[in-house]
Amino acid sequence: YYYAKRQLQLALATPKWVNIEEISNFYANRPEGYEVDHIEPINGELACGLHVPWNLQYLPKSQNRAKSNKS
């Protein structure tokens, strides 16, 4: 359920004009021990970010989990 919900959120936050290959490469080049994080959360309370390359960053797993949906 949670995986399907997350996939739907990503699909809805991904504009049709975005370069999907660029996003895929960002995920593929993730350093060991890091996770891909949305700088502006795609399901934030006050604002919702897009699933685009310039809204992605690498964060250590512990930092990303502590961040939650706070922007």
Side-chain angles (χ1 to χ4, degrees):
Y1 168 78
Y2 294 107
Y3 178 78
K5 182 179 176 185
R6 180 67 176 166
Q7 293 305 331
L8 178 60
Q9 288 172 331
L10 289 175
L12 293 173
T14 305
K16 293 182 191 269
W17 46 261
V18 76
N19 183 340
I20 297 295
E21 187 174 333
E22 193 175 348
I23 293 174
S24 295
N25 287 337
F26 194 88
Y27 276 85
N29 293 315
R30 177 182 50 89
E32 180 90 26
Y34 283 72
E35 293 182 336
V36 175
D37 171 65
H38 288 85
I39 298 165
E40 186 65 39
I42 62 170
N43 59 343
E45 289 183 24
L46 300 176
C48 295
L50 295 175
H51 188 55
V52 292
W54 51 90
N55 190 34
L56 301 176
Q57 67 181 348
Y58 300 123
L59 282 180
K61 190 177 200 175
S62 59
Q63 241 185 326
N64 191 31
R65 302 292 166 96
K67 181 180 171 190
S68 187
N69 285 333
K70 303 170 206 144
S71 53

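Not measured: the values here are computed from a predicted model. Sequence positions, counted from 1, serve as the residue numbers for this chain.
Contact annotation: the side chain of Arg6 approaches that of Ile42 to within less than 4.5 Å [non-hydrogen atoms, C-beta and beyond].
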Might you work through the side-chain contact (heavy atoms from CB on, under 4.5 Å) test for Asp37 and Tyr58, ending with a clear yes or no?
CA-CA 6 Å; Asp37 171 65; Tyr58 300 123; over 6 Å; no

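The other members of the hydrophobic cluster of Leu8, by chain and number, are Leu12 (side-chain heavy atoms under 4.5 Å, ILVMFWY only). Counting Ile, Leu, Val, Met, Phe, Trp and Tyr side chains that sit under 4.5 Å apart, directly or through other members, Tyr3 stands alone, with no cluster partners.
A side-chain hydrogen bond (donor to acceptor under 3.5 Å, both in side chains) check over residues 8-18, counting only residues at least two apart or in different chains, returns nothing. Each side-chain hydrogen bond (donor to acceptor under 3.5 Å, both in side chains) pair with one or both residues in residues 46-55, not counting sequence neighbours, appears once here: His38-His51.
Both Leu56 and Leu50 are assigned to one and the same hydrophobic cluster, defined by single-linkage of ILVMFWY side chains at heavy-atom distances under 4.5 Å.
Atoms OH and CD, on Tyr2 and Gln7 in that order, are 15.5 Å from each other to the nearest 0.5 Å. Lys67 NZ to Ile39 CD1: the interatomic distance, rounded to the nearest 0.5 Å, is 7.0 Å. Of the inter-residue distances, the one linking Leu10 atom CG with Asn43 atom CG reads 9.5 Å to the nearest 0.5 angstrom.
Take Tyr34 and apply the ring pair (Phe, Tyr, Trp, His ring centres under 6.0 Å) test, not counting sequence neighbours, and it matches no residue.
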Would you be so kind as to tabulate the donor-acceptor pairs closer than 3.5 Å made by side chains of residues 18-25, with sequence neighbours excluded?
{"unit_1": "Asn19", "atom_1": "OD1", "unit_2": "Glu21", "atom_2": "N", "d": "3.0"}
{"unit_1": "Asn19", "atom_1": "OD1", "unit_2": "Glu22", "atom_2": "N", "d": "3.2"}
{"unit_1": "Ser24", "atom_1": "OG", "unit_2": "Ile20", "atom_2": "O", "d": "3.1"}
{"unit_1": "Asn25", "atom_1": "ND2", "unit_2": "Glu21", "atom_2": "O", "d": "3.3"}

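For Ala13 against Gly49, the heavy-atom pair with the smallest separation is CB-O, 4.0 Å.
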